[in-house]
Amino acid sequence: GDPEAGELGLAAVPGRQAAFRQGLEAAVRYARAVGCPRIHVMAGRVPLGTDRAAVAGEMETTFIENLRYTADLLSQEDMIGLLEPINNRITDPRYYLNTPHQAAAILEKVGRPNLKLQLDLFHCQIMDGNLSRNLETYFPLIGHIQIAQVPGRHEPDSPGELNFPYIFELLESLGYTGYVGCEYAPKGDTLEGLGWLRSYWESRGLQHGGISKAAK
């Protein structure tokens, strides 16, 4: 969409299907060029001046239609489409897709195996909490994980509500083998802010870069 016009994705926005498809095709070209197998398909915002409840049905219908088109296109490229719920309490009051429960229900209605849940634990904690149970419940749907401390959205070892060593161990116990995206704003310098990762590697007997000391 057009960020300057206040758009944040178009997949669920009625009347913008043609622009959505153009954007998706461009995203696929970029993803192919850089070898990225996953694309975040952004739902978009409830249109200004409209009531969320009044347009919810039409937006869901549009979303499902666009997601089926997305799944067909991405299947030709061996790519995965991702749906990320974004909290509407702090980050974006008008964003259409807010909770993993809503995303899971839409994924079930779409019914395509190459569409997955992008679970950002920052948004999930703000909207619902209950992270352990939510990770266990939605694990079969998860295609990507993102992290940030709550409420500041800084490094995972910054002061806040979430115990990330526990969460990382839970993800390992569930068998998660994908990437964990650092979707946070560093409090200072980016490299300095990665000290939490060096500490985590050392706590697991790993050298920097995740290489086993024993293997080395």
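For clarity, every value in this text was computed on a predicted model and none was experimentally measured.
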Per-pair distances, 0.1 Å, donor-acceptor, side chain in residues 39-50, under 3.5 Å, sequence neighbours excluded:
| residue | atom | partner | partner atom | Å |
| --- | --- | --- | --- | --- |
| R45 | NE | D92 | OD1 | 3.3 |
| R45 | NE | D92 | OD2 | 2.7 |
| R45 | NH1 | G6 | O | 2.7 |
| R45 | NH2 | D92 | OD2 | 2.7 |
| T50 | OG1 | P47 | O | 2.5 |

Contacts table for residues 118-125: side-chain donor-acceptor under 3.5 angstrom, sequence neighbours left out:
| residue | atom | partner | partner atom | Å |
| --- | --- | --- | --- | --- |
| Q118 | NE2 | E84 | OE1 | 3.1 |
| Q118 | NE2 | Q146 | OE1 | 3.3 |
| D120 | OD1 | F122 | N | 2.9 |
| H123 | ND1 | N87 | N | 3.2 |
| H123 | ND1 | N87 | ND2 | 2.8 |
| H123 | NE2 | R153 | NH2 | 3.4 |
| Q125 | NE2 | E161 | OE1 | 2.8 |

Can you list every salt bridge (charged side-chain N to carboxylate O under 4.0 Å, His left out) pair that touches residues 3-12, not counting sequence neighbours?
E7-R16
Mind listing the side-chain donor-acceptor pairs of residues 18-32 below 3.5 Å, one per line with the distance, residues two or more places apart or on another chain?
| residue | atom | partner | partner atom | Å |
| --- | --- | --- | --- | --- |
| E25 | OE2 | Y69 | OH | 3.0 |
| R32 | NE | E77 | OE1 | 3.1 |
| R32 | NH2 | E77 | OE2 | 2.8 |

With sequence neighbours excluded, tell me which residues meet side chain to side chain contact (heavy atoms under 4.5 Å, CB included) with P14.
E58, M59, T62
Which residues satisfy the salt bridge (Lys or Arg N to Asp or Glu O under 4.0 Å) test with R68, sequence neighbours excluded?
none
Does I86 share a hydrophobic cluster with L82, counting links as ILVMFWY side-chain heavy atoms below 4.5 Å and allowing steps through other members?
no
ring-ring contact (aromatic ring centres under 6.0 Å, His included) filter on Y200, not counting sequence neighbours, yields F168
Pairwise distance CE(M79) to CG(L115) - rounded to 0.5 angstrom
13.5 Å
Partners meeting side chain to side chain contact (heavy atoms under 4.5 Å, CB included) with D51 (sequence neighbours left out)
A53, A54
Please output the side-chain donor-acceptor pairs of residues 101-111 that fall under 3.5 Å, not counting sequence neighbours, one pair per line with the distance.
| residue | atom | partner | partner atom | Å |
| --- | --- | --- | --- | --- |
| H101 | ND1 | Y138 | OH | 2.5 |
| H101 | NE2 | D128 | OD2 | 3.4 |
| Q102 | OE1 | N98 | N | 2.9 |
| Q102 | NE2 | Y96 | O | 3.2 |
| K109 | NZ | E60 | OE2 | 2.7 |

Determine yes or no for a side-chain-to-main-chain donor-acceptor pair under 3.5 angstrom, with N114 supplying the side chain and I80 the backbone.
no
Taken in chain and number order and not counting sequence neighbours, the residues that satisfy salt bridge (Lys or Arg N to Asp or Glu O under 4.0 Å) with R204 are E172
Sidechain-backbone polar pair: R89 side chain, M127 backbone, donor-acceptor under 3.5 Å:
yes
Salt bridge (charged side-chain N to carboxylate O under 4.0 Å, His left out): pairs with one or both residues in residues 130-142, sequence neighbours excluded
R133-E136
Side chains of residues 179-193: which donor-acceptor pairs under 3.5 Å do they make with residues two or more places apart or in other chains?
| residue | atom | partner | partner atom | Å |
| --- | --- | --- | --- | --- |
| Y184 | OH | W196 | NE1 | 3.0 |
| D189 | OD2 | L191 | N | 3.0 |
| D189 | OD2 | E192 | N | 3.0 |

